[in-house]
Protein chains: 2
Amino acid sequence: MTVKEKIMDNTVNFFLKEGCRKVTMDEIAAYNGMSKRTLYENFTDKNDLIRQCVLYSNELEKSSYLSNIASQEDMMDILLRGHERNFSIDLSSMISFMDEVRKYFPDIYRQTIREVKEAHCTMMAELLTKGQTEGYFIKNLDARIIAPILSEIMKIAAHSELTQGREMSQSETYKMLVLIYFRGLTTEKGRKIIDEFMKNNN
Amino acid sequence: MTVKEKIMDNTVNFFLKEGCRKVTMDEIAAYNGMSKRTLYENFTDKNDLIRQCVLYSNELEKSSYLSNIASQEDMMDILLRGHERNFSIDLSSMISFMDEVRKYFPDIYRQTIREVKEAHCTMMAELLTKGQTEGYFIKNLDARIIAPILSEIMKIAAHSELTQGREMSQSETYKMLVLIYFRGLTTEKGRKIIDEFMKNNN
DNA sequence: AAATTTAAAAACTATTTTGGTTTTTTAAGT
DNA sequence: ACTTAAAAAACCAAAATAGTTTTTAAATTT
């Protein structure tokens, strides 16, 4: 891991905790245990830093995805394991980070986040197709429509007012939202596995 | 239909088209073909007008729902017919109207829209339960969780950036989002009907 | 141990952002 | 049409912050 990567790895976490708008370069330098000078030797300015952090976290996600695919695992395993991970981590901080970028760094948003989203949709589409060829999902689905819907659905559980003021947990909501949607995509074969999973996880 | 109801009926449409924030009382009076004086004889102020318009449109929806229920129709018919209507009307204007109320008339939002939403969720929950007792939906579902999720899901199709910049229609998106989610809720019996419907509507 | 390199700390400036004030415009209500 | 209240815009001063430069300290090399 290069110095630059270390900085990005560190700073992404900082951004997720504190947001990127109100965080100052002094604070970032302090958080990384270095002087501003060193920071500026690695990144031309704050925009550059944020942009590269976004790209970096996308790379991490992508490589995790690739290793999942490469492992040639069963589609349903990938799905349910990913699902378990998704509602254990704090998706909402990532989402509000993204929202802040859109609002206060529109250039970065246009250039970077859009393509990150595209990448995400591409992954989803590939997974979907894999599931179809393995016989878990019904055939008459257009991946170009379903994939962005999936991205959107995942966002709601974390983001919306669904959980606020009600007596349901985020993981409960996530399950009923995402798992039920996936159940809607399944064939008999896939449904069995999801129903089994739900039986063991309620 | 009383004068007051006529005004509300008219003004709701106006609000849906133009929003309620920037529309002036002068414009509303003109739109209704009356003087401001007549308007103010029926509503104490703009807040009152907006509040009553919200309640009125909710009443309309509710009575349509009640007549559906009263007709003792098959659950799946209600669902699929309602679904067809939903993606033919312009849900998005209703949603942005609601958003404007939340933003600029928070008092009305707290007092009125919240209970409208509650009413909507109650209807959804009732429909869900009906569907369960009729054997279309799986049993192990908590209506208090599913109902608000359904409301939320319907919003996405109309509202989000899903349809923007992509080559898919809103109705296509709505179908793949809402119908697939419902499909996820179904038993064998309900699934047959949805699959039949999808076969005839693609 | 002196010299050299490296990076942190601190100091500094030039922009940006923010908070508060006044003026102007808009729109409610009579 | 008129009055009044409230919202928006324009404006300014003060604070905060990005980015640069200088100084200090510590590690490394010779």
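Proteins come first, then strands; the chains are lettered A, B, ... in the order of their sequence lines, and each starts at number 1.
Checking side-chain atoms of A:Thr129 against main-chain N and O of A:Ala125 turns up a donor-acceptor pair under 3.5 Å. Looking only at distances, no side-chain donor or acceptor of A:Thr112 sits under 3.5 Å from a matching main-chain atom of A:Tyr109.
With contacts defined as side-chain heavy-atom distances shorter than 4.5 Å, the pair B:Asp77/B:Ile193 does not qualify. The side-chain heavy atoms of B:Met98 and B:Ile95, taken from C-beta on, include no pair separated by under 4.5 Å.
Electrostatic pairing of B:Asp9 and B:Lys6 does not count as a salt bridge here, judged by no charged N lying under 4.0 Å from a carboxylate O. The pair B:Arg37-B:Glu41 meets the salt-bridge criterion, since a charged nitrogen lies less than 4.0 angstrom from a carboxylate oxygen.
For C:dG29, the base has no donor-acceptor partner in the side chain of B:Lys46 [N/O atoms by modelled type, under 3.5 angstrom].
In the 5' to 3' direction, nucleotides of DNA chain D lying under 4.0 Å from heavy atoms of chain A begin and end at D:dT17 to D:dT22.
Within the structure, ring pair (Phe, Tyr, Trp, His ring centres under 6.0 Å) pairs that include any residue of residues 36-56 of chain B do not occur (at least two apart or interchain). Applying the ring pair (Phe, Tyr, Trp, His ring centres under 6.0 Å) test to every pair with at least one member in residues 126-146 of chain A, sequence neighbours left out, gives no pairs at all.
Rounded to 10°, the helix from C:dA1-D:dT30 to C:dT30-D:dA1 has 30° between the axis fitted to its first five pairs and the one fitted to its last five.
Sequence order on DNA chain D of the closest nucleotides to B:Asp26 and A:Lys36 puts B:Asp26 first from the 5' end. Take the nearest nucleotide of DNA chain C for B:Tyr40 and for A:Gly33: the residue whose nucleotide is more 5' is A:Gly33.
Contacts of B:Arg191 classified as side-chain hydrogen bond (donor to acceptor under 3.5 Å, both in side chains), with partners at least two apart in sequence or in another chain: none. Taking B:Thr38 as the reference, B:Ser35 meet the side-chain hydrogen bond (donor to acceptor under 3.5 Å, both in side chains) condition, with sequence neighbours excluded. Listed by chain and number, the residues in a side-chain contact (heavy atoms from CB on, under 4.5 Å) with B:Asp107 are B:Arg110, B:Gln111 (sequence neighbours excluded). For the side-chain contact (heavy atoms from CB on, under 4.5 Å) test, residues two or more places apart in sequence or in another chain that qualify with B:Met123 are B:Lys62, B:Tyr65. Taking the side-chain hydrogen bond (donor to acceptor under 3.5 Å, both in side chains) definition, one finds that A:Asp142 meets it with A:Arg144, sequence neighbours left out.
In this structure, CZ in A:Phe182 is found 8.5 Å from CE in A:Met76, a value given to the nearest 0.5 Å. Taken from OG1 in B:Thr187 to CD in B:Glu134, the straight-line distance is 11.0 Å, to the nearest 0.5 Å.
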Got a list of protein N/O to nucleotides 4-7 of chain C N/O distances below 3.5 Å?
none

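Rounding to whole angstrom units, CD of residue B:Glu27 and P of C:dA27 are separated by 7 Å. Atoms CG (A:Asp45) and C1' (C:dA14) sit 16 Å apart, rounded to a whole Å.
Scanning residues 2-22 of chain B for heavy-atom distances under 4.0 Å to DNA chain C yields an empty list. Within residues 97-104 of chain A, no residue has any heavy atom under 4.0 Å from DNA chain D.
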